[in-house]
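One structure is given here, and the rest of the page talks about it.
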Amino acid sequence: MRKNLIAGNWKMNATHLEAIQMVQKLSYRLDHNDYQRVDVVVCPPFTALRSAQTVIETDHLPIGLGAQNVYWEQKGAYTGEIAPDMLAKLSVSYVIVGHSERRELFGETDEDVNRKVKAVLDAGMTPILCVGETEAEREDGVTEAKVGGQVRAGLAGVTSDQIAGMVVAYEPIWAIGTGRTASDDDAGAMATYIRNTIADIAGEAAEETRILYGGSMNPGNVAGLMAKRDIDGGLVGGASLDPDTFASVIRYWV
Ligand code: PGA
C-alpha cells in the first residue's frame with residue numbers, strides 16, 4: 001500500500017523567520033488522523049531549512065523536511081552549491097530534483113537530474129523527481145515521449161529497490177503557477193503512464209513508487225485528482241504558502 005504524500009514546494013518564498021511561523025501554523029491545523037493518512041512534507045528554501053527543522057524537532061511534529069535542489073558532488077570548489085550530506089545532516093529527508101523551473105531557468109539537463117537523483121539516494125534521502133511537458137509539447141502530441149524520456153533518463157542506473165522508495169512528480173509545465181490544472185482524467189492517465197514506464201525499468205517495484213501530481217493543485221481540485229488510482233499525492237506550490245490553505249489541501253477528504 002502506498003501512503004499518500006503531500007509536499008509543499010515553497011520555491012523562493014519565506015525568510016527563516018517566516019518559515020518558523022508557517023510550520024507552526026500548519027501544525028496547529030493538522031492532527032494525528034491527518035498524519036496517519038498523509039505524509040506531510042514542507043520544502044522551504046535552503047536558508048530556512050535549519051529553522052524549520054528546529055520547530056519540527058522541538059515540537060516533535062510528524063512533518064517531513066524537504067529541500068528544493070542539491071548538487072551531486074560531496075564537497076569542493078563549487079561556489080554557491082549545496083552538497084547532499086549538508087542536507088541529510090539537517091534531517092532533510094526529501095529533495096526535489098529536476099523541477100521544471102530548474103530545467104528551464106537554470107539549464108538543468110536530464111543528465112544533471114540523474115546525477116542528482118543518485119547523489120540524493122546515496123546520502124540516504126528520497127528524491128522527488130519532477131517530470132512534465134510544455135504546452136507546445138502537449139499540443140504536438142509528444143507528452144508521453146517527453147515525460148517517458150525524462151523518467152527513463154532520471155532513473156538511469158538506479159536500482160529497483162531504490163526506485164520503489166522514490167517519489168516521481170508529474171507536473172505539466174503549463175499548469176504550474178497558472179491556475180490551470182490538468183483535468184483529473186489527463187493527470188490520472190499520465191500518472192498511470194509514468195507507473196507503466198517505471199514498471200518497464202524496475203518491474204514490480206513500480207507499484208511502490210509514489211507518483212504525485214503538481215500544477216495549481218488547491219483545496220478545490222485536490223480530491224478529484226487524489227481519486228485517481230495512480231496519483232498518490234501532490235507537489236503543491238502556491239497553495240502551500242498559506243498554512244490554512246495548505247492544511248485544506250492535505251485534508252482533501254474533508
Ligand atoms: P503550483 O506549483 O502549485 O504553484 O502550480 C507547483 C510546483 O511547481 O511544484
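First listed ligand is number 1; within each ligand, the first listed atom is number 1.
Taking 4.5 Å as the limit, every side-chain heavy atom of Val41 sits out of range of all side-chain heavy atoms of Ile63. Side-chain contact between Phe246 and Ser248: absent, with no pair of heavy atoms (C-beta onward) separated by less than 4.5 Å.
Atoms of ligand 1 lying under 4.0 Å from any heavy atom of Ser216, numbered from 1 in the order shown and given with element: 1 (P), 3 (O), 5 (O). Counting the atoms of ligand 1 from 1 in the order shown, those under 4.0 Å from a heavy atom of His99 are 7 (C), 8 (O), 9 (O). Residue-ligand proximity, Leu235 to ligand 1, at heavy-atom distances under 4.0 Å covers atoms 6 (C), 9 (O). Near Ile176, the atoms of ligand 1 lying under 4.0 angstrom from a non-hydrogen atom of the residue are 2 (O), 5 (O), 8 (O). Counting the atoms of ligand 1 from 1 in the order shown, those under 4.0 Å from a heavy atom of Gly215 are 5 (O). Atoms of ligand 1 lying under 4.0 Å from any heavy atom of Glu171, numbered from 1 in the order shown and given with element: 6 (C), 7 (C), 8 (O), 9 (O).
Using a 4.0 Å heavy-atom cutoff, Gly214 is absent from the residues neighbouring ligand 1.
In this structure, Asp200 pairs ionically with Arg152, as a charged nitrogen and a carboxylate oxygen lie closer than 4.0 Å. A salt bridge links Asp185 and Lys228; the closest N-O separation between the charged side-chain nitrogens and carboxylate oxygens is under 4.0 Å. Comment: Lys75 does not engage Asp85 in a salt bridge, judged by the lack of any side-chain N to carboxylate O separation of less than 4.0 angstrom.
Looking at ligand 1, you won't find any N or O of Thr178 less than 3.5 Å from one of its N or O atoms.
Of the candidates Gly177, Gly237, Ala169, Gly177 brings a heavy atom nearest to atom 5 (O) of ligand 1.
Side-chain N/O atoms of Thr134 and Glu137 include a donor and acceptor closer than 3.5 Å.
Within a 6.0 Å sphere centred on CZ of Arg50, other residues, nucleotides and ligands contribute 12 heavy atoms or fewer.
In this structure a side-chain-to-backbone donor-acceptor pair under 3.5 Å is present from Asn114 to Ala153. Here the side chain of Asn196 pairs no donor or acceptor atom with the backbone of Ala191 at under 3.5 angstrom.
The protein atom (non-hydrogen) at minimum distance from atom 2 (O) of ligand 1 is Lys11 NZ, 3.3 Å. For atom 4 (O) of ligand 1, the closest non-hydrogen atom of the protein is Gly238 N, 2.8 Å.
The side chain of Asn9, and not its backbone, has at least one atom closer than 4.0 Å to an atom of ligand 1 (non-hydrogen atoms only; side chain from C-beta on). Under 4.0 angstrom from ligand 1, the non-hydrogen atoms of Ala175 all belong to its backbone.
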